Amino acid sequence: MSETGSSSAPIPNGEGSSRHPGNKVTVVLGAQWGDEGKGKVVDLLAQDADIVCRCQGGNNAGHTVVVDSVEYDFHLLPSGIINPKVTAFIGNGVVIHLPGLFEEAEKNVKKGKGLEGWEKRLIISDRAHIVFDFHQAADGIQEQQREEQAGKNLGTTKKGIGPVYSSKAARSGLRMCDLVSDFNEFSERFKVLANQYKSIYPTLKIDIEGELKRLKGYIERIKPMVRDGVYFMYEALHGPPKKILVEGANAALLDIDFGTYPFVTSSNCTVGGVCTGLGMPPQNVGEVYGVVKAYTTRVGIGAFPTEQGNEIGELLQTRGKEVGVTTGRKRRCGWLDLVLLRYAHMINGFTALALTKMDIMDVLPEIKVGVAYKINDKIIPHFPANQEVLNKVEVQYETLPGWNTDISNARTFDDLPVNAQNYVRFIEMELGVPVKWIGVGKSRESMIQLF
Ligand code: GDP
Ligand code: IMO
Ligand code: MG
């Protein structure tokens with residue numbers, strides 16, 4: 001594809017341009033509390049993709065991709081960059097910690113061949129906000145203060161996500177376009193912002209000159225990657241046919257508006273974030289794939305109605321190796337929650353699902369699925385907004401027989417035992433969304449495609 005901006009895409013001039021809706025983007029979104037296996041689904045779809053985009057979040061995300069037994073982990077870079085033919089795009093809705101970006105790339109370059117030439121294949125929107133070291137430090141201080149003042153924190157990843165989106169909303173943030181323009185102007189605004197942080201958090205130590213020097217050191221490397229993101233997307237959508245993927249980070253229940261507030265992240269991880277985070281119209285959104293883990297996990301604090309604080313939860317945690325990619329924390333585990341998934345589907349309008357980690361449930365004699373929430377013995381039709389209410393709901397379960405068989409070598413739906421097939425069909429029926437893929441292992445091959 002054209003990387004230079006010279007393309008046949010016509011600039012919209014009112015009449016005519018709207019008659020050609022252009023290419024559609026395929027979206028992959030987390031449908032639960034994160035770590036559903038989005039990286040693996042994106043990797044699969046990226047095999048024949050031209051562009052893979054990130055539209056929100058920052059390096060709080062942790063996406064694992066296993067290729068030829070090498071495990072890569074991505075935080076800020078779109079996972080699809082592992083395909084050497086892919087152009088990766090970081091949209092305006094993403095927040096970028098530059099040292100983190102280079103560290104991540106260098107770490108993955110050492111692991112295998114997948115990241116060769118990454119610097120030439122990465123485009124960054126000039127409207128994306130920059131995460132500074134003091135945003136990360138402030139994230140840590142805020143967590144400490146929450147602990148001291150309210151007795152509990154949010155369990156953030158301490159990557160500066162809350163603070164940087166706060167700076168953005170407060171209109172005092174700095175963007176990639178500022179860094180690559182007049183550095184004196186950038187430095188002045190950086191100092192104002194740093195001093196604001198110092199006055200809010202007196203214990204915060206900021207090495208203003210040191211950080212500015214380090215940022216200046218990135219300019220020459222980053223400049224060729226920084227583009228007008230809106231025009232980049234416009235060209236991609238209206239030039240020759242292209243396969244464009246959008247890799248969601250975090251997940252529906254961590255969304256700043258729709259998640260289990262306040263135990264959420266600070267961006268829109270639902271489908272709306274695609275348009276605002278890339279600068280593109282909704283009519284160019286095509287397939288919206290929801291990634292659903294066959295059970296439920298959550299990292300950090302917050303309500304979790306189907307959580308199993310017992311041997312079932314421990315079994316899922318150990319068998320599923322449920323440890324956070326970004327923070328190394330153990331993930332809390334529980335049964336699949338269809339109430340939560342119905343809610344995520346109301347917001348995102350999934351066109352199909354990827355059901356991952358079915359193999360982890362191989363040893364369970366029976367499997368429970370949360371199908372409804374009750375308050376005072378009455379089923380409620382919605383997903384409660386209030387955390388105290390959500391903490392109190394009583395979950396109504398359906399019990400399904402397990403399959404007690406190793407399914408890791410299954411490659412077609414027919415290879416699966418009947419009880420495993422029934423588990424999939426039950427989920428499809430309850431949600432009214434077809435399951436397109438079933439994950440039975442970590443590798444690329446361990447993904448059954450149904451249609
Ligand atoms: P993401 O944040 O949604 O991309 O997911 P993570 O990478 O944080 O966590 C998912 C984990 O599950 C990774 O270690 C994947 O390699 C692994 N995984 C994904 N799909 C499957 C599957 O179907 N079976 C098994 N056993 N592991 C899987
Ligand atoms: P991926 O993309 C799981 C959680 C954190 C914390 C809360 C707020 O790998 O699925 P933040 O640092 O964003 O302010 O933390 O959100 N969280 C995630 N949990 N997977 C993620 O991303 C997450 N991103 C944020 O654990 O509870
Ligand atoms: Mg993850």
Side-chain angles (χ1 to χ4, degrees), residues 28-44 54 56-67 69-76 78-79 95 97 131 135-136 138-140 142-143 146 152-166 247-256 259-267 269 290-302 304 316 319-332 354-362 406-408 410 437-448:
V28 175
L29 298 174
Q32 294 153 313
W33 275 293
D35 307 322
E36 298 90 352
K38 297 176 287 294
K40 192 183 147 193
V41 175
V42 167
D43 172 56
L44 193 81
R54 273 279 304 269
Q56 44 72 228
N59 58 354
N60 53 344
H63 300 173
T64 319
V65 178
V66 182
V67 186
S69 308
V70 180
E71 191 160 315
Y72 299 87
D73 59 298
F74 295 103
H75 301 270
L76 250 177
S79 307
V95 291
H97 184 247
V131 181
H135 284 124
Q136 298 198 335
D139 198 347
Q142 287 179 353
E143 282 288 80
R146 287 180 189 116
K152 60 179 176 202
N153 57 26
L154 294 184
T156 74
T157 59
K158 300 191 183 147
K159 298 292 182 188
I161 304 300
V164 73
Y165 280 112
S166 303
E247 172 176 357
N250 327 119
L253 276 296
L254 292 171
D255 183 284
I256 182 81
T260 44
Y261 195 90
F263 303 101
V264 294
T265 189
S266 302
S267 65
C269 336
V291 188
V292 175
K293 202 179 283 190
Y295 46 97
T296 312
T297 62
R298 173 161 207 179
V299 195
I301 323 283
F304 182 171
L316 293 170
R319 269 185 69 79
K321 301 192 177 63
E322 295 295 353
V323 179
V325 185
T326 303
T327 59
R329 287 177 290 177
K330 269 191 182 180
R331 297 172 183 149
R332 299 153 64 194
L355 186 66
T356 61
K357 301 192 102 164
M358 278 274 286
D359 54 308
I360 304 306
M361 304 181 96
D362 281 355
D406 176 357
I407 60 167
S408 61
W437 296 278
I438 301 169
V440 294
K442 275 185 165 230
S443 68
R444 262 185 193 165
E445 304 70 50
S446 316
M447 199 69 144
I448 298 172

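Everything numeric in this text was worked out from a predicted model, so none of it was measured. Both ligands and their constituent atoms are indexed starting at 1 by order of listing. Residues take their numbers from the sequence shown, with the count starting at 1.
For ligand 1, one of its N or O atoms has an N or O atom of G37 under 3.5 Å away. Any N or O atom pair closer than 3.5 Å counts here, and I360 shares no such pair with ligand 1. Taking distance alone, with nitrogen or oxygen atoms compared against 3.5 Å, G439 approaches ligand 1 more closely than that limit. Residue D359 has at least one nitrogen or oxygen atom sitting less than 3.5 Å from a nitrogen or oxygen atom of ligand 1, judged on distance alone. Geometrically, ligand 1 and D35 share a nitrogen or oxygen pair separated by less than 3.5 Å. Among the atoms of G62, some N or O lies under 3.5 angstrom from an N or O of ligand 1.
Taking the side chain as every heavy atom from C-beta outward, N60 and T156 never approach each other to under 4.5 Å. Contact annotation: the side chain of D362 approaches that of D359 to within less than 4.5 Å [non-hydrogen atoms, C-beta and beyond]. Counting heavy atoms from C-beta outward, Q32 and V292 have side chains that approach closer than 4.5 Å. Between V42 and R54 there is no side-chain heavy-atom pair separated by less than 4.5 Å.
Scanning all protein heavy atoms for the shortest distance to atom 15 (C) of ligand 1 gives T64 CB, 4.1 Å. Ranking the protein heavy atoms by distance from atom 20 (N) of ligand 2 puts D35 OD1, 3.2 Å first. Summary of contacts: the protein heavy atom closest to atom 4 (O) of ligand 1 is G39 N, 2.9 Å.
Residue contacts with ligand 1 for V65 are absent, since no atom lies close enough (heavy atoms, distance under 4.0 Å). Counting heavy atoms closer than 4.0 Å to ligand 2, residue W33 contributes backbone atoms (N, CA, C, O) but none from C-beta onward. No part of T327 comes within 4.0 Å of ligand 2, judged by heavy-atom distances. Heavy atoms from both the backbone and the side chain of T156 come within less than 4.0 Å of ligand 2. At a heavy-atom distance under 4.0 Å, atoms from both the backbone and the side chain of H63 approach ligand 1.
Distances shorter than 4.0 angstrom do not occur between any heavy atom of S446 and any atom of ligand 1. Contact between K38 and ligand 2 is present, with at least one heavy atom of the residue lying under 4.0 Å from the ligand. Ligand 2 lies less than 4.0 angstrom from a heavy atom belonging to R329. Not close to ligand 2: S266, with no non-hydrogen atom less than 4.0 angstrom away. A heavy-atom separation below 4.0 Å is found between G62 and ligand 2. The closest approach between a heavy atom of G34 and any atom of ligand 1 is not below 4.0 Å. The shortest separation from a heavy atom of V264 to ligand 2 is under 4.0 Å, placing the residue in contact. Within the 4.0 Å heavy-atom shell around ligand 2 one finds H63. In this structure, G30 has no heavy atom closer than 4.0 Å to ligand 2.
In the model, T297 has no side-chain atom that pairs as donor or acceptor with a side-chain atom of D35 under 3.5 Å.
Checking side-chain atoms of D255 against main-chain N and O of C269 turns up a donor-acceptor pair under 3.5 Å. Side chain of R319 to main chain of I360: a donor-acceptor pair is present (N/O by atom type, distance under 3.5 Å, no hydrogens or angles). The backbone N or O of K38 sits nowhere less than 3.5 Å from a side-chain atom of E247 that would complete a donor-acceptor pair. Judged by distance alone, the side chain of K442 and the main-chain N or O of V66 form no donor-acceptor pair under 3.5 Å. The closest donor-acceptor contact from the side chain of E143 to the backbone of G155 lies under 3.5 Å.
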Side chain to side chain donor-acceptor pair (under 3.5 Å), that's the test. Do T265 and N250 meet it? Break it down for me.
CA-CA 8 Å; T265 189; N250 327 119; 4.5 Å; no

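Here atom 17 (C) of ligand 1 lies nearest to K357 when heavy atoms of K357, R331, K40, Q32 are compared. The closest heavy-atom contact to atom 25 (C) of ligand 2, among the options I301, N59, T297, N250, comes from N250.
Here the protein contributes D35 OD1, G62 O as N, O or S atoms under 2.8 Å from the Mg ion (ligand 3).
Looking at every heavy atom in both residues, S446 comes nearest to K40 through O-NZ, 3.2 Å. The two residues A251 and W33 have their closest heavy-atom pair at CB-C, 3.8 Å.
Annotation for ligand 2: atoms under 4.0 Å from non-hydrogen atoms of A249 are 2 (O).
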